[in-house]
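Okay, structure first, notes after.
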Amino acid sequence: MGGEKTTSRFFTPGEEIISPVGDFDFPLLSMNSGDDEGSQDSWDSLVDQRRRDAVFREVLQSYDQLRTRIGSLTDAKNKILSYTPGAWIENVGGMTLSDYDVPKTTSLLLIGPKGSGKSSLVNRISKVFENDKFASERAQVTYNSSVGDGTYFLQEYTIPRGSNSFSLYDTRSLSDDASDNINMIKLWIMEGVRHGELVIRRSDSSSLRNRMRCKARKIGCDPSVIRKVNFVIFVVDGLAVLKSMEGDSDVEKQYDQIVATTFNCPYLSFRDDKPVVVVTHGDLLSLTDRARIRTYLGELLGIPPAKQIFDIPESSDPENELIIIDMLRYCLEHADRNLSCKSCARNKGFRVSVMAFLNLLLVLGIAIIAFKMQHLNAHRIPKSNSHVDWRAIRHLWLD
């Protein structure tokens, strides 16, 4: 981590406020005398300014705190390696582990805009728990997102490799169409995710659909195991966020709009818990800019930047490994916290069974009615009243 510092001091009414956030888009304020309404507005702005400054300082300090925690890296890693689904459930509300519907594997879903670095993040996380540091990367990374296909098939990666404790699901990138994103997310959250499943959006062109289906046929296998999503990791590109922060045009602001709109999709939240956010490509930015980005995203998305937004650059130093472990622990703890109880799962299964039974009764009822109608119509066919008097016409063949 870099050694850039920032300073702060207390402010008094009447002096100019200069934010330690640098050229972050915060207004410069002064508490000059004026009408009561203007003074109140200025005071409210001053309070907001100081709050932002305090958050920014907290984010900067989080980088320094990593160095003091390096000695606990091995213990923190072992904590993740010893995890099993449901192990971190809190016994609240009089419930214990046996009362919950615990999955065989905890599934963490990675979503984010195109080029955000989801696949690279999978490789980075996997490397932290690999004994063989020379093992090949597991996820296919697109070197040039403008010409590459990216990820079109859901890909599951167990962490660590070969384990059943928890897995990461790499997904297709978000679309510029908000409705496409919501429909896609709703399907994953409500129906579950399956390794190898092709993801096709409504807005995809016919040529793209044909090309992707051709790839699916070449694989030659059908996805089978459906996993319920237990928590979500939202991945964003730090460079794109910074450009959007400092840009004025609608095109430059579009990235922020996609991130904010998708992040606030209700399907991504588990009760009151929102996804964690991972900022990538920080290795190409200064430490100050990285702190600015986390502070900005915290205000944009309504989550604490020092606790729920993780800056994970492309590096293999111990500090970065500790950040990854902190992020995974946050995800797994919140995944266990939001497991559904068995009674809820049974009730849902019971409702499904009842609906299936009612549908069966309806089909049988229709079939019985159709049979009765056909039988009734057959009896209604009038019988022939014609009668042949063979004695009267016997001369016809005797002659």
Side-chain angles (χ1 to χ4, degrees), residues 19 21-27 48 51-52 55-56 59 109-121 142 144-146 148 150-152 170-189 199-205 208 229 231-270 272-282 284-285 289-306 308-312:
S19 171
V21 184
D23 57 354
F24 202 178
D25 191 22
F26 295 155
D48 290 340
R51 178 180 56 80
R52 291 183 180 116
V55 171
F56 176 79
V59 172
L109 187 73
L110 276 67
I111 67 171
K114 188 175 183 179
S116 58
K118 298 186 299 300
S119 300
S120 296
L121 179 62
T142 302
N144 185 352
S145 59
S146 62
T151 301
Y152 285 98
D170 194 7
T171 64
R172 186 176 178 182
S173 299
L174 297 176
S175 168
D176 293 335
D177 187 334
S179 63
D180 267 351
N181 296 331
I182 293 175
N183 291 333
M184 186 169 60
I185 291 169
K186 179 181 178 180
L187 180 65
W188 292 335
I189 299 299
V199 180
I200 295 180
R201 293 193 289 246
R202 182 176 55 187
S203 60
D204 288 338
S205 64
L208 177 60
V229 176
F231 206 67
V232 175
I233 302 172
F234 201 104
V235 187
V236 298
D237 176 9
L239 290 170
V241 174
L242 183 63
K243 182 179 180 180
S244 187
M245 285 168 53
E246 298 179 342
D248 296 324
S249 67
D250 293 338
V251 175
E252 292 172 320
K253 294 290 185 183
Q254 186 179 16
Y255 192 86
D256 282 358
Q257 294 171 359
I258 294 174
V259 169
T261 301
T262 309
F263 185 86
N264 289 313
C265 173
Y267 294 106
L268 289 184
S269 295
F270 294 80
D272 292 329
D273 291 336
K274 296 182 178 181
V276 300
V277 174
V278 170
V279 180
T280 60
H281 303 141
L284 304 176
L285 299 167
D289 282 340
R290 290 158 67 180
R292 289 175 60 210
I293 291 168
R294 290 172 67 189
T295 306
Y296 174 78
L297 286 173
E299 186 157 334
L300 178 69
L301 305 177
I303 57 177
Q308 201 169 343
I309 300 179
F310 297 87
D311 178 9
I312 303 180

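Any value given below was found using the heavy atoms of this structure, including those in side chains, with hydrogens, waters and symmetry copies removed.
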V279: which of V241, I293, L242 passes side chain to side chain contact (heavy atoms under 4.5 Å, CB included): I293
Minimum heavy-atom separation for S116 and T280, please, with both atom names. O-OG1, 2.5 Å
Checking R294 against D311 for the side-chain contact (heavy atoms from CB on, under 4.5 Å) test, could you report, in this order, the C-alpha distance in whole Å, the side-chain angles of both residues, the deciding distance, and whether it holds? CA-CA 8 Å; R294 290 172 67 189; D311 178 9; 3.9 Å; yes
When rounded to the nearest 0.5 angstrom, what distance separates CE in M245 from NZ in K253? 8.5 Å
Can you check side-chain contact (heavy atoms from CB on, under 4.5 Å) on R202 and S179, steps first, answer last? CA-CA 9 Å; R202 182 176 55 187; S179 63; 3.1 Å; yes
Mind listing the closest non-hydrogen atom pair of T261 and A178 along with its distance? CG2-CB, 4.2 Å
Under a plain distance cut-off of 3.5 Å, with no hydrogens placed, do S173 and K118 share a side-chain donor-acceptor pair? yes
Going from SG on C265 to CD1 on I189, what distance comes out if it is rounded to the nearest 0.5 angstrom? 8.5 Å
Quick check: do V199 and T171 have side-chain heavy atoms less than 4.5 Å from each other? no
Would you compute the distance between atom CD1 of I185 and atom CG of L268 and round it to the nearest 0.5 angstrom? 4.5 Å
4.5 Å side-chain heavy-atom contact, F263 and L300: no
To the nearest 0.5 Å, tell me how far I233 CD1 sits from L110 CG. 4.5 Å
Would you name the heavy atoms of S269 and K274 that are closest together and state the gap between them? OG-CG, 3.8 Å
Is the backbone of I182 close enough, under 3.5 Å, to the side chain of T262 for a donor and an acceptor to pair up by distance? no
Which distance, rounded to the nearest 0.5 Å, do you find between the CD of E299 and the CZ of F56? 13.5 Å
Would the distance check show the side chain of T295 and the main-chain N or O of A291 forming a donor-acceptor pair, the cut-off being under 3.5 Å? yes
Is a salt bridge present between R292 and D289, judged by a nitrogen-to-oxygen distance below 4.0 Å? yes
Hey, does P305 have a side-chain heavy atom less than 4.5 Å from the side chain of L297? no
Can you see whether Y296 engages D256 through a side-chain donor-acceptor pair at a distance of less than 3.5 angstrom? yes
Examine distances only and state if a side-chain atom of Q308 and a backbone atom of P275 form a donor-acceptor pair shorter than 3.5 Å. yes
Taking all heavy atoms of V229 and all of W188, pick out the closest pair and write down the distance. CG2-O, 3.7 Å
Partner of F234 under side chain to side chain contact (heavy atoms under 4.5 Å, CB included), chosen from I309, L174, V276: L174
Give a yes or no answer on whether the side chain of Y255 reaches the backbone of D237 with a donor-acceptor pair at less than 3.5 Å. yes
Can you list the residues that meet the salt bridge (charged side-chain N to carboxylate O under 4.0 Å, His left out) rule with R172, with sequence neighbours excluded? D204
Polar contact flag, side-chain donor to acceptor under 3.5 angstrom, S203-D177: no
Separation between CZ (R201) and CG (N183), nearest 0.5 Å, reads 11.5 Å
